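All figures in this text were calculated on a predicted structure; none of them were measured in a lab. First the proteins, then the strands, lettered A, B, ... as listed; each starts at 1.
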2 protein chains.
Amino acid sequence: MNEAGGRVPSQLRKGVLEYCVLALLRDGPKYGVELLGELAAVSVMTTSQGTIYPLLSRLRREGLVDTRLRESPSGPPRRYYTLTAGGRAALGEFAGVWPLFRDAVDHFLNHPQGDPV
Amino acid sequence: MNEAGGRVPSQLRKGVLEYCVLALLRDGPKYGVELLGELAAVSVMTTSQGTIYPLLSRLRREGLVDTRLRESPSGPPRRYYTLTAGGRAALGEFAGVWPLFRDAVDHFLNHPQGDPV
DNA sequence: CGAGGTACCTTGCATGGCATGGTACCTGGT
DNA sequence: ACCAGGTACCATGCCATGCAAGGTACCTCG
């Protein structure tokens, strides 16, 4: 259990983390641990290696990212992930659905006692 | 696969539907099919009986809702669900986390090429 | 008394986050 | 030469939860 947020965010991240990663890759190639850091910069998105690596493998298997192994200035080689055309398309699809979903949740949360929509 | 939205919304709903239901119950007791209808009023939240009934059973088991069987004016009796204090607390906790989560996703989606936060 | 509508519920599966544990590379100290 | 510690990658197994499919029961109407 994640102490910084508890049980709720873990379920929330389901199906969203994937697209946050794709979004981060718009800015250029990134490697696993780097992505972990950028996600954790927004604390509610903090996750672990046990989440990110299976996720990245899946993205690769589905052709949404390409990978390239590169030497590190200090440490073991890093696997850099780059968006493919398919990845860009998937991200675009999500960007279309997300606002609808977000507003729906806001709607349910913020309209007390039979407020008109 | 849900034709009205595809694979994305189904994963998005995970862990959120529960709180949308709790939010709907703030307005007073509701029964299963009624909740289905109110969720479907926002199309991205459309779901099925196979989702809602296990969910409601779980909420009851966890003490977030109370239930009461009542006769229907026409048809079989309906099981009405009411928020408990625990349910209200869970909803409040979610209402605290959700904006953080929502803004985080917006952040990742909307900040191109190294925009400062 | 059967057909159709309403309503409840269960079973089994698929998805995806997570804890845990393991491997390998590189550097720096002794 | 060797080992400790940091960095980085990856796999296994579990659990929560949405969903399709299928089942039961109540009520009304012809």
Could you check B:Arg58, B:Arg88, B:Glu18 and say which one makes a side chain to side chain contact (heavy atoms under 4.5 Å, CB included) with B:Leu64? B:Glu18
Distance below 4.0 Å between B:Arg7 side-chain N/O and C:dG16 OP1 or OP2: yes
A:Arg61 CZ to C:dG16 C1', in whole Å, measures 12 Å
Would you say a side-chain N or O of A:Thr47 is under 4.0 Å from OP1 or OP2 of C:dC18? yes
Nearest non-hydrogen partners of B:Ala40 and B:Thr46, listed with the distance: CA-OG1, 3.6 Å
Ignoring the backbone of A:Val33, work out which of D:dC9, D:dC19, D:dC10 is nearest its side chain. D:dC9
Using only side-chain N and O atoms of A:Arg58, determine if any of them is under 4.0 Å from OP1 or OP2 of C:dG16. yes
Below 4.0 angstrom from OP1 or OP2 of C:dA7, is there any side-chain N or O of B:Tyr31? yes
Tell me the interatomic distance from B:Gln11, atom CD, to C:dG17, atom P, rounded to whole angstroms. 8 Å
Expressed as a whole number of angstroms, how long is the span from B:Gln49:CD to D:dC19:P? 13 Å
Nearest-nucleotide comparison on DNA chain D, the residue closer to the 5′ end among A:Ser72 and B:Val16: A:Ser72
Could you tell me whether the side chain of A:Arg78 reaches within less than 4.5 Å of the side chain of A:Pro73, counting heavy atoms only? yes
Can you tell me how far P of C:dT15 sits from CD of A:Glu18, to the nearest Å? 12 Å
By the 4.0 Å heavy-atom rule, please label A:Tyr19 as base, sugar-phosphate, or nothing. nothing
Rounded to the nearest 0.5 Å, the CG atom of A:Asp103 sits from the CH2 atom of A:Trp98 at a distance of 9.5 Å
Rounded to whole angstroms, how far apart are CG on B:Leu55 and C1' on D:dA20? 16 Å
Considering just the side-chain nitrogens and oxygens of B:Ser48, establish if one lies under 4.0 Å of OP1 or OP2 belonging to D:dA20. yes
Just to confirm, is there a sub-4.0 Å distance from OP1 or OP2 of C:dA19 to any side-chain nitrogen or oxygen of A:Thr51? no
When you measure from the side-chain N and O atoms of A:Arg79 to the phosphate of D:dC10, is any distance below 4.0 Å, counting only OP1 and OP2? yes
Whole-Å distance, B:Leu35 CG to C:dC9 C1', equals 15 Å
Nearest-nucleotide comparison on DNA chain D, the residue closer to the 5′ end among A:Gly75 and B:Gly15: A:Gly75
When hydrophobic residues are tied together by side-chain contacts of less than 4.5 Å, even through go-betweens, does B:Val42 share a cluster with A:Leu100? no
Rounded to whole Å, CD of B:Glu71 lies from P of D:dA25 at a distance of 19 Å
Presence of B:Arg78 side-chain N/O under 4.0 Å of D:dC26 phosphate oxygens OP1/OP2: no
Under 4.0 angstrom, heavy atoms only, what part of the nucleic acid is B:Gly32 near: base, sugar-phosphate, or nothing? sugar-phosphate
Between D:dC10 (P) and A:Leu36 (CG): distance, integer Å: 12 Å
Start with the C-alpha gap between A:Lys30 and A:Val21, add the side-chain angles, then the distance that decides, and say whether side-chain contact (heavy atoms from CB on, under 4.5 Å) holds. CA-CA 10 Å; A:Lys30 304 235 165 74; A:Val21 167; over 6 Å; no
Quick check: on DNA chain C, is the nucleotide nearest B:Leu56 upstream (toward 5') of the one nearest A:Pro54, or the reverse? Name the residue that is more 5'. B:Leu56
Once hydrogens and angles are ignored, does a donor-acceptor distance under 3.5 Å link the base of D:dA16 to the side chain of B:Lys14? no
